[in-house]
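Lettering of chains follows the sequences in order, A, B, ..., and the numbering in each one begins at 1. This structure is a prediction, so every number in the text was calculated from the model and none was measured.
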2 protein chains.
Amino acid sequence: MKLEAAFGLSRYMSQPDCNDSMSGSRRGEGSLTRIKCQGCAVRTASLCSEVSDECANAIGRAFHRRRVPAGQVIYSSDQKNKIFAVVISGVVKLTNVRPDGRQQIVGLQFPAEFVGRPYSGTSNLLAEAASNLELCCFSGDAFEAIMRRYPELEGALLKRTLDSLDNAREWMFMLGRKTAHERVASLIYMIAERLTHPGNRKEPMETCRFESPLSRTEMADCLGLRLETVSRQLALLKAKGVLASSRNRTFDVRSMSELRRWSESPVE
Amino acid sequence: MKLEAAFGLSRYMSQPDCNDSMSGSRRGEGSLTRIKCQGCAVRTASLCSEVSDECANAIGRAFHRRRVPAGQVIYSSDQKNKIFAVVISGVVKLTNVRPDGRQQIVGLQFPAEFVGRPYSGTSNLLAEAASNLELCCFSGDAFEAIMRRYPELEGALLKRTLDSLDNAREWMFMLGRKTAHERVASLIYMIAERLTHPGNRKEPMETCRFESPLSRTEMADCLGLRLETVSRQLALLKAKGVLASSRNRTFDVRSMSELRRWSESPVE
DNA sequence: GCCCCGAGTTGATCGGCATCAAAGGCTCAA
DNA sequence: TTGAGCCTTTGATGCCGATCAACTCGGGGC
């Protein structure tokens, strides 16, 4: 018997704010979590995999699945009710937006990664669905209660936050010191790597093909460039044979090693 | 009787690698930590203030004080023995350096802040003393042992790591979207704020004066600019009356509110 | 088929910061 | 006092990416 069927995609409603009716607060024996999470595509890579069974059960009792269409806001700093989530599929973008209209994408959360800001900080970020999403969501209260009860969860979050910080600092180098050509190559390389190996870091395939979660404007907002510049640099990479010509959002990487090389050498 | 005297600056040796002889592993009753940490300038703001007495005692038993002269490396990614520390005084810079010579400063750690990367990640950072430092140091083994024994420490670290991530993301906006003029104003504002209010965030004074921990080259490496550009933008800020003319590393801010305004508006 | 609309591409020009160059100022030592 | 060496400032010029503008492409509605 396939347990996935009972929790498969067909059960999700298309309304963005509807919760899966099987989730919620019904008290469960230990095996409930096992059943609920069995079909989860990211269960071996997400933070749930790092905590004790008891903590995992508490998580299993509190989450609800949610689908979010591309473009919809997941949270913004001006709303009070916090939300936390693990990305099941799709990509979340974190944007720093200013009153004068300038904006910078400061983070992308891929499947198995965590979304949300515990201990409300000073940051002023907007989290949006870059593509259609499936999320494993927690209300702020529920998640914080679990965190207080199971400090090990803080440890798991700490590891992931440190990884995010490493990523952010790598990105800072790009924003401060790389040329436009390197930036575009870096972004495509990063997306290819993280889309094809969610959660863990393996050697990437030499060729790959994927749908970009980002438009040209969004790529530019990631890279500190304008969309015209992104477009030109993509044309250059195609001319070099690193990318194959394909439709707008479809990327066809012919050589990941070449792409990586271009992402680190300033000359054209 | 002044306890500070017993642990005052006069006891520090000038050799960078010498440890304070009073620190170390002598088993202590609860009050030992209280005595050792009593004179600590950052004890109310650092992460030690957020943990239980028992955990604080374990920390108190494990640390050693260390002075580090400006310019010296604290840790680099190629060395295996890890180190962790709380900054007592001075500023630590975290630099992302590449083989081709390009570099970007991706973090500054001020007094009361934490230095070190638990759970060794993928990042390739160099931590150096930007100014003369006093550190409260832990060996990698000692610190990780305490962390395993007292998970609450992970919670305290999580809070600080999340704050660092917020800071990094704010900095990413600067690197991606601000003009040279805004960048220089942002940096001076940030340094002034953090130097004059170590640890906590209050409204800054309208005027202030401080010694910069950074040379022009280092400021440029923070901002993704060249040192000549930094110099020109500083001249502009002086011409506007936001900064008063003073010697190279002495900054004399005449109006923090004006400085903040210039750090957010793209026009000159 | 038709138009419309938004996203992306390509071209022409502009401007801000980098780059190259030289001079000023401070510290230290002889 | 003088000169060396380093950091910083200031000036002249050039280039990369921004900006403005026109065009192409593809999809959807009628």
Novice: Between the opening five pairs and the closing five pairs of the helix from dG1(C)-dC30(D) to dA30(C)-dT1(D), how far apart are the helix axes, to 10°?
Specialist: 30°
Novice: Any donor and acceptor pair, going by atom type alone, linking the side chain of Arg183(A) with main-chain N or O of Leu175(A) inside 3.5 Å?
Specialist: yes
Novice: Whether the side chain of Ser186(A) engages the backbone of Glu182(A) through a donor-acceptor N/O pair (distance < 3.5 Å, no angle test) should be reported.
Specialist: yes
Novice: Identify, with sequence neighbours excluded, every residue that meets side chain to side chain donor-acceptor pair (under 3.5 Å) alongside Arg117(B).
Specialist: Asp163(A), Asp166(A)
Novice: Below 4.0 angstrom, which residues in residues 90-101 of chain B have at least one non-hydrogen atom near DNA chain C?
Specialist: none
Novice: According to the interplanar angle, ranging from 0 to 90°, do the rings of His181(A) and Trp262(A) count as parallel (below 30°), tilted (30 to 60°) or perpendicular (above 60°)?
Specialist: perpendicular
Novice: Judged by modelled atom types alone, do Glu206(A) and Ser255(A) share a side-chain donor-acceptor pair under 3.5 Å?
Specialist: yes
Novice: Going by an N to O cut-off under 4.0 Å, is there a salt bridge joining Arg66(A) and Glu134(A)?
Specialist: no
Novice: For the backbone of Arg260(A) and the side chain of Ser263(A), can you confirm whether one donor and one acceptor N or O come within less than 3.5 Å of each other?
Specialist: yes
Novice: Is there any protein nitrogen or oxygen under 3.5 Å from a nitrogen or oxygen in nucleotides 5-7 of chain D, and what are the pairs?
Specialist:
none

Novice: Roughly how far, to the nearest 0.5 Å, is CG of Leu165(A) from CG of Leu162(B)?
Specialist: 9.5 Å
Novice: Using chain B heavy atoms and a threshold of under 4.0 Å, write down where along DNA chain C the contacts begin and end, 5' to 3'.
Specialist: dC17(C) to dC20(C)
Novice: Look only at the side chain of Thr95(B) and the backbone of Val97(B), and say whether a donor-acceptor pair between them is shorter than 3.5 Å.
Specialist: no
Novice: I'd like a table of atom pairs between the protein and nucleotides 17-23 of chain D - only N or O on both sides, under 3.5 Å - with the distance next to each one.
Specialist:
| residue | atom | partner | partner atom | Å |
| --- | --- | --- | --- | --- |
| dG17(D) | OP1 | Ala180(A) | N | 2.7 |
| dA18(D) | OP1 | Arg226(A) | N | 3.4 |
| dA18(D) | OP2 | Arg226(A) | N | 3.4 |
| dA18(D) | OP2 | Thr229(A) | OG1 | 2.3 |
| dT19(D) | OP2 | Arg226(A) | NE | 3.3 |
| dT19(D) | OP2 | Arg226(A) | NH1 | 3.3 |
| dT19(D) | O4 | Arg232(A) | NH2 | 3.0 |
| dC20(D) | N4 | Glu228(A) | OE2 | 3.2 |

Novice: Regarding Arg102(B) and Asp100(B), does a basic nitrogen lie under 4.0 Å from an acidic carboxylate oxygen?
Specialist: yes
Novice: Please report the interatomic distance CD(Glu113(B)) to CG(Leu108(B)), rounded to the nearest 0.5 Å.
Specialist: 9.0 Å
Novice: Do the side chain of Arg177(A) and the main chain of Gln103(B) share a donor and acceptor less than 3.5 angstrom apart?
Specialist: yes
Novice: Report the distance from atom CG of Asn96(A) to atom CD1 of Ile105(A), rounding to the nearest 0.5 Å.
Specialist: 11.0 Å
Novice: In terms of heavy-atom contacts, does CZ of Arg160(A) have more than 12 from other residues, nucleotides or ligands at under 6.0 Å?
Specialist: yes
Novice: For Thr250(B), does its backbone N or O pair with a side-chain atom of Arg209(B) as donor and acceptor, under 3.5 Å?
Specialist: no
